[in-house]
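Positions are given from 1, in the same order as the sequence printed here. Counting starts at 1 for both ligands and their atoms, in listed order.
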Amino acid sequence: MILNHITENLTNNSLYYYRGRVALFALLRALEVGPGDHVALQAFTCIAVPEAIIAVGALPLYIDIVKGGYNMDAKDLSDKLTPHTRAIVVQHTYGIPADMDEIMLVAAAHGIPIIEDCCHTLATTYNGRLVGSFGIGSFYSFEWGKPLVAGIGGCLHVNDPQLLEKARLNHSKYSVPGLLAQAKIKLQYSAFELLYRPIWYWPIRSIFRFTEEIGLVENSYNPVGRGSVAKDFNLRMVPSVQRRMLRKLQTMEIQARHNRWVTDQYCNKLLPYNIPPPVIPEGSETVFARYPILVKKKTDILSKARHAFVELAAWYATPVHPLTDNDFALVHYKEGSCPNAEICCQHVLTLPVHSKVDQHDINRTVRFISRVCQ
Ligand SMILES: *Cc1c(COP(=O)(O)O)cnc(C)c1O
């Protein structure tokens with residue numbers, strides 16, 4: 001039954017774009033958010049989110065995450081909202097739902113619409129309802145590292161009929177990516193399907209970075225705030241990605257079961273080593289995109305993981321990943337403005353839960369973590 005709801009989120013009242021960030025951009029445009037407006041979002045996110053906000057001409061307003069958690073703090077949201085705030089982007093980080101009850105109260109008190117960033121989750125429920133159905137709209141991403149990998153693509157789901165009509169009208173003017181971009185995405189996807197296993201994570205990551213640099217594959221990050229809006233923002237989803245996404249959608253229930261099988265083991269097997277599971281809001285069934293743990297020596301553990309061929313990801317390594325220091329100004333983030341997010345970046349590591357993780361990988365990962373975290 002959950003599959004029906006997921007399918008509904010991704011096919012009913014939905015529009016397909018080149019990437020997740022383009023879907024967010026399209027929704028902000030339909031909401032007529034522009035210059036002089038603020039859009040709230042959490043720090044501890046990736047650059048794609050402020051990129052879309054800046055692309056419509058608005059200013060990102062960074063909200064801290066809850067202490068010891070990964071999602072937006074409703075209290076900080078309430079403190080920081082300005083009279084110019086026109087939308088609140090609520091991210092369900094790693095698939096863990098944000099505290100929607102509290103956040104919706106704050107949003108309703110100010111009459112500001114909520115947009116859900118569902119890039120990390122398709123199947124998580126909160127109070128018995130699927131995430132993506134709480135806000136005025138939600139957006140999804142299908143690139144590698146997300147719960148459903150189909151190449152590069154994004155989906156926008158709109159819960160308001162008038163807004164949907166407006167977005168649909170704009171969407172009809174969007175163009176299909178060129179044949180070269182389509183070929184690159186196909187190559188990228190085939191390589192991913194064929195080669196990627198947890199044990200090959202680090203070598204493949206190095207190769208991917210290299211092919212990105214020489215322009216063989218599409219970059220994950222665009223240069224932001226350097227005067228031009230990336231060309232991506234007027235593109236639709238590649239048709240072959242759309243077909244693959246719809247086909248793989250049918251396997252989401254099996255994948256959700258697999259994710260639970262993996263995360264239950266991480267949870268039970270890491271507890272004896274004083275690594276507690278992440279805090280989940282009451283009344284939520286969480287399907288993780290990755291399983292986060294907090295460690296003392298993050299950098300040290302990452303370099304050991306690389307040598308031991310254990311898949312561990314660092315994201316988010318900075319409050320607006322992957323920007324650092326001087327580059328924060330490009331996305332209007334002020335260092336020190338979100339202390340919980342900044343501390344979290346220094347300690348978080350995430351373990352894989354995707355369909356290629358088998359029993360052997362789980363055992364290796366747990367053994368590795370227990371060894372390096374002693
Ligand atoms: C990946 C991601 C995005 C952007 O998705 P793209 O398809 O790369 O544009 C936005 N928000 C979050 C939380 C993401 O993980």
Using 30° and 60° as the class boundaries, would you call the ring planes of Tyr316 and Tyr94 parallel, tilted or perpendicular?
parallel
Donor-acceptor pair, side chain of Gln242 and main chain of Met237, under 3.5 angstrom
no
Classify the ring geometry of Tyr174 against His171: parallel below 30°, tilted from 30° to 60°, perpendicular beyond 60°.
parallel
Closest to atom 15 (O) of ligand 1 by heavy-atom distance, out of Gln42, Lys146, His321, is Lys146
Mind checking whether Val49 has an N or O less than 3.5 Å away from an N or O of ligand 1?
no
N/O separation below 3.5 Å, His120 to ligand 1
yes
In terms of atom number and element, which parts of ligand 1 are under 4.0 angstrom from non-hydrogen atoms of Glu143?
1 (C), 8 (O)
Out of all atoms in ligand 1, which are within 4.0 Å of some heavy atom of Ala48? Include the element for each.
4 (C)
Look only at interatomic distance and state if Gln91 has a nitrogen or oxygen under 3.5 Å from any nitrogen or oxygen of ligand 1.
no
Location of contacts on Tyr316 toward ligand 1, heavy atoms closer than 4.0 Å:
side chain
Going by the order shown, which atoms of ligand 1 are within less than 4.0 Å of some heavy atom of Arg21?
6 (P), 8 (O), 9 (O)
Donor-acceptor pairs under 3.5 Å, side chain of residues 286-297 to any protein atom, not counting sequence neighbours: which ones?
unit_1 : atom_1 : unit_2 : atom_2 : d
Thr286 : OG1    : Ser284 : OG     : 2.9
Arg290 : NE     : Thr350 : OG1    : 2.6
Arg290 : NH1    : Glu311 : OE2    : 2.9
Arg290 : NH2    : Glu311 : OE2    : 3.3
Arg290 : NH2    : Thr350 : O      : 3.1

Can you say whether the rings of Trp144 and Phe192 are parallel (under 30°), tilted (30 to 60°) or perpendicular (over 60°)?
perpendicular
Report the residues that fulfil side-chain hydrogen bond (donor to acceptor under 3.5 Å, both in side chains) with Asp79, sequence neighbours left out, ordered by chain and then residue number.
Lys75
